[in-house]
**Student:** 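This structure is in structure tokens; I'll ask about it shortly.
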There are 2 protein chains.
Amino acid sequence: MQQGYLGSGLKHISQISQAPIGSLYHFFPGGKTELAAETLKASGGAYQELVEAVFDAAPDIVSGTRDCFQAAAETLRRSDYADACPIATVALEVASSDETLREVTAEIFESWTESATSRFTAGGVEPARARELATVFLATLEGGFLLSRAAKDATTMELLGHSMVELVETAVRR
Amino acid sequence: MQQGYLGSGLKHISQISQAPIGSLYHFFPGGKTELAAETLKASGGAYQELVEAVFDAAPDIVSGTRDCFQAAAETLRRSDYADACPIATVALEVASSDETLREVTAEIFESWTESATSRFTAGGVEPARARELATVFLATLEGGFLLSRAAKDATTMELLGHSMVELVETAVRR
DNA sequence: GTCTATACTTTGATAGAC
DNA sequence: GTCTATCAAAGTATAGAC
């Protein structure tokens with residue numbers, strides 16, 4: 001799905017998945033839309049668990065935030081800037097053309113935001129401000145994926161991480 | 001170009017532009033890649049001028065920042081969340097598949113970042129921090145476009161604007 | 001020089017053989 | 001139930017009439 005929705009042809013998918021194209025329609029009667037929706041949900045859930053695991057392993061939310069951006073930067077470098085947010089490309093592609101898939105991407109982003117909100121609340125951020133901080137966290141991470149991939153430069157993601165860490169630090173100390 | 005690179009077929013472009021498909025290849029011998037590159041450069045330049053105009057009309061960079069995010073939110077609402085960043089969708093689509101277009105998108109983002117860096121420097125931010133602040137500004141704006149379009153909710157962009165305004169205020173006072 | 005018509009490929013999807 | 005073969009439509013690109 002890193003090639004985007006329109007860039008991922010069903011024939012190509014059937015080849016790399018070793019499954020005949022007829023089988024895809026057996027398991028996903030809804031065709032490409034249903035296949036994409038399930039893939040998005042699975043990828044979105046997996047990425048959320050990954051981020052949760054990073055926060056679980058960190059002593060506090062400031063360290064967790066720092067580790068998230070650092071891990072994103074390293075993943076970008078290791079994959080030659082191919083492995084990034086599994087939702088963003090498709091989300092922008094379908095935002096104005098496929099209402100079904102747009103809603104799926106919206107639900108994933110909402111789930112991520114709620115997850116981060118809970119983390120920040122539990123970490124000492126006042127509830128009224130936690131949701132705002134979570135939104136800034138997600139937007140900054142997504143912006144970092146975009147700019148780092150375009151420039152093939154992960155230092156942008158690291159720079160954004162430093163900025164985000166300062167923001168979380170300030171929010172905790174209040 | 002709001003439909004993305006792969007979502008914009010040449011036949012469709014020739015129809016809405018009232019130009020035969022043969023004419024496209026007369027003016028853009030390089031085919032779709034060249035057409036996309038020129039479109040990206042034109043859109044990128046136009047958007048930069050738009051943002052510069054907003055900052056020119058504002059009394060200071062704090063107000064300019066606030067006006068930028070507010071204008072982005074209003075544009076999203078007015079266009080039913082279709083009119084957003086003219087580069088981001090294509091940038092993510094081509095990042096790992098078309099090196100020529102990836103470089104074009106990277107140059108546009110770099111130009112935007114330099115423009116914002118100059119603005120912030122002239123507005124009182126210490127030079128060493130201006131580039132970092134400009135990167136955060138752009139990443140936040142791009143993240144806002146993504147999340148607002150997916151959710152069809154411009155309050156996300158406004159919320160991010162408030163956060164960014166606070167960051168600029170802090171940077172100016174130092 | 002402009003543009004019509006077409007070539008060739010790939011797309012998502014389906015019918016039907018086994 | 002699985003998968004091969006094929007469909008109609010849309011993709012990019014080009015040849016050639018005028």
Side-chain angles (χ1 to χ4, degrees), chain A residues 1-44 82 86-108 149-150, chain B residues 1-44 82 86-108 149-150:
Chain A
M1 192 68 78
Q2 297 300 349
Q3 305 293 341
Y5 180 64
L6 295 167
S8 301
L10 290 183
K11 288 185 179 176
H12 180 63
I13 293 174
S14 75
Q15 286 176 0
I16 61 175
S17 66
Q18 303 277 19
I21 199 164
S23 297
L24 293 181
Y25 281 88
H26 175 71
F27 293 105
F28 303 98
K32 191 181 184 183
T33 302
E34 184 181 352
L35 173 58
E38 296 306 318
T39 304
L40 285 170
K41 290 175 187 172
S43 304
I87 311 298
T89 308
V90 180
L92 289 180
E93 279 182 293
V94 306
S96 300
S97 59
D98 190 316
E99 188 63 10
T100 300
L101 291 180
R102 182 196 67 77
E103 289 176 2
V104 172
T105 64
E107 287 166 10
I108 294 169
R149 288 193 75 197
Chain B
M1 192 68 79
Q2 297 300 348
Q3 305 294 342
Y5 180 64
L6 295 167
S8 301
L10 291 182
K11 285 183 180 176
H12 180 64
I13 293 174
S14 75
Q15 287 176 359
I16 61 175
S17 65
Q18 302 277 19
I21 200 164
S23 297
L24 294 180
Y25 281 89
H26 174 70
F27 292 106
F28 303 99
K32 191 181 184 180
T33 301
E34 184 181 351
L35 173 59
E38 296 305 317
T39 304
L40 285 169
K41 290 174 187 173
S43 304
I87 311 299
T89 308
V90 180
L92 288 180
E93 279 182 292
V94 306
S96 300
S97 60
D98 190 316
E99 187 62 10
T100 300
L101 291 179
R102 181 197 67 77
E103 288 176 2
V104 172
T105 64
E107 286 166 10
I108 293 169
R149 288 192 74 198

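No experiment lies behind these values; they were computed from the predicted model shown. Only this structure's heavy atoms are used, side chains among them; waters, hydrogens and symmetry mates stay out. Each chain gets a letter, A, B and so on, in the order the sequences are listed, and its residues count up from 1.
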**Student:** Heavy atoms only: give me the nearest A/Arg149-B/Arg102 pair and the separation to one decimal.
**Tutor:**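 Heavy atoms of A/Arg149 and B/Arg102 come nearest at O-CD, 3.9 Å.
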**Student:** With rounding to the nearest 0.5 Å, note down the distance linking CG in A/Leu6 to OG1 in A/Thr89.
**Tutor:**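 That separation rounds to 11.5 Å.
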**Student:** Nearest heavy-atom pair of A/Glu93 and A/Gly7: which atoms, and what distance?
**Tutor:**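 Closest heavy-atom pair between A/Glu93 and A/Gly7: OE2-N, 4.4 Å.
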**Student:** So, for A/Thr105 and B/Ala150, which heavy atoms are closest and what is the spacing to 0.1 Å?
**Tutor:**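 What the structure gives for the nearest pair is OG1-CB, 3.9 Å.
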**Student:** I need the residues from residues 12-28 of chain A with at least one non-hydrogen atom less than 4.0 Å from DNA chain C; give them sorted by number, or say none.
**Tutor:** A/Ile21, A/Tyr25
**Student:** If you look at every heavy atom in B/Gly44 and B/Ile108, which pair is closest and at what distance?
**Tutor:** CA-CG2, 3.9 Å
**Student:** Round to a whole Å and report the spacing from CG of A/Leu35 to C1' of C/dA13.
**Tutor:**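 After rounding, the reported distance stands at 13 Å.
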**Student:** Indicate every side-chain donor-acceptor pair of residues 10-33 of chain A with a distance under 3.5 Å to a residue at least two apart or in another chain.
**Tutor:**
| unit_1 | atom_1 | unit_2 | atom_2 | d |
| --- | --- | --- | --- | --- |
| A/Ser14 | OG | A/Lys11 | O | 2.8 |
| A/Ser17 | OG | A/Ile13 | O | 2.6 |
| A/Lys32 | NZ | A/Tyr5 | O | 2.9 |
| A/Lys32 | NZ | A/Ser8 | O | 3.1 |

**Student:** Once you round it to whole Å, what is the distance between C1' of D/dA13 and NZ of B/Lys11?
**Tutor:** 10 Å
**Student:** Give B/Lys32 one of three labels, base, sugar-phosphate or nothing, depending on what nucleic acid heavy atoms sit under 4.0 Å from its own.
**Tutor:** sugar-phosphate
**Student:** Separation of B/Leu10 atom CG from C/dT10 atom P, in whole Å?
**Tutor:** 16 Å
